[in-house]
**Student:** 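Here it is, the structure, as structure tokens.
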Amino acid sequence: MRVEGIAKTFGGVQAVSGVDLELTPSTVIGLIGPNGAGKSTVLGMLAGAIRPDRGRILLADRDVSGLPSYRMAQRGVIRTFQTASVFPRLTVLENLLLGFKPWRAERPWPALFASGWRVQEAALVGRAREMLGRVGLSRHENSLASSLSGGERRLLEIGRALLAEPLVLLLDEPMAGVAPHLAEAVASLVDGLVARGTAVVLVEHEMRVIDRLCQSVVVMAGGKVMARGTLDEVRANQQVRRAYLGQ
Ligand SMILES: Nc1ncnc2c1ncn2[C@@H]1O[C@H](COP(=O)(O)OP(=O)(O)OP(=O)(O)O)[C@@H](O)[C@H]1O
Ligand SMILES: [Mg+2]
């Protein structure tokens, strides 16, 4: 995915003004910066949830700027939200089953009527149960998602995004409120996707998580990119220290 000069104003607030990004397969970019820097707005634009006022978003050299989020999801761009987003009246297992590759189900009806469907469904349930185990939610399989705590909802949302095997995965503070051993389980699931080619943008305040997962870092402040480089490079940048690390 290539992002050229995207910008967004809300009312009088210039949330993002001219951000360029280049996402490559099997690479995790950390997007960091102080509160209100514009990180979530950038993710929202990449996911098709927020329409950019200016700029272009290219996916495999096709202009996808302004496509709605369900179309972006069909093309393999999957996100998680800063506040975990689950379907409260579905069970935990049902929520996970919704994750499976919407973007590869090009012809769902023939698949539904084919005799292989039940076999396929059983296989999907098996994989969803395996994911439940890995994010520590097995015992909640048949509970309504509304009964989960905030941290558990977040893990459910991440599990759903990971099952989609996205081309581009956009994670907005995925580890907030998640217990350390489960955070490591999530990180290793992300590693697995990255090894299979997924490009990831990770918004995260916790620098240990950035250090653990990211090859490069983009620092935003006031809606603009202030610095790019490795975490060590941006940490050493005086402007970044003033804007971000010093706060
Ligand atoms: N829907 C909206 N309506 C009005 N203003 C908004 C909206 N969304 C974001 N903003 C404003 O745009 C700016 C950037 O917000 P954004 O949520 O992108 O920042 P962020 O870097 O994700 O911050 P945080 O680290 O606190 O999550 C902020 O000033 C915010 O108040
Ligand atoms: Mg945010």
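As the structure lists them, so they are numbered: ligands from 1, and atoms in each ligand from 1.
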**Student:** With Lys8 as reference, evaluate Val42, Val19, Thr41 under the side-chain contact (heavy atoms from CB on, under 4.5 Å) test and give the passing residue.
**Tutor:**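 Of the listed options, the one satisfying the test is Thr41.
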**Student:** Please indicate whether Arg212 has more than 12 foreign heavy atoms, meaning atoms of other residues, nucleotides or ligands, lying under 6.0 Å from its CZ.
**Tutor:**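 Correct, the count exceeds 12.
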**Student:** Regarding Thr230 and Asp232, is there a side-chain donor-to-acceptor distance under 3.5 Å anywhere?
**Tutor:**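 The criterion, which ignores hydrogens and geometry beyond distance, is not satisfied for Asp232 and Thr230.
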**Student:** Has Thr41 got an N/O/S atom less than 2.8 Å from the Mg ion (ligand 2)?
**Tutor:**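 Short answer: no, not a single N, O or S atom is under the cut-off.
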**Student:** Check for me, please, whether Leu171 and Phe81 land in the same ILVMFWY cluster - side-chain distances under 4.5 Å, paths through other members count.
**Tutor:**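 Shared cluster, no.
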**Student:** Scan Asp172, Leu23, Leu169 and name whichever one has a side-chain contact (heavy atoms from CB on, under 4.5 Å) with Val201.
**Tutor:**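 Among Asp172, Leu23, Leu169, the one meeting side-chain contact (heavy atoms from CB on, under 4.5 Å) with Val201 is Leu23.
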**Student:** Does Ser26 use its side chain to pair, donor to acceptor, with the backbone of Val194 at less than 3.5 Å?
**Tutor:**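 Pair found, side chain donor or acceptor close to backbone of Val194.
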**Student:** Measuring from each atom of ligand 1, which residues have a heavy atom under 4.0 Å away?
**Tutor:**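 Under the 4.0 Å cut-off, ligand 1 touches Phe10, Val13, Ala15, Pro34, Asn35, Gly36, Ala37, Gly38, Lys39, Ser40, Thr41, Gln82, Glu173, His205.
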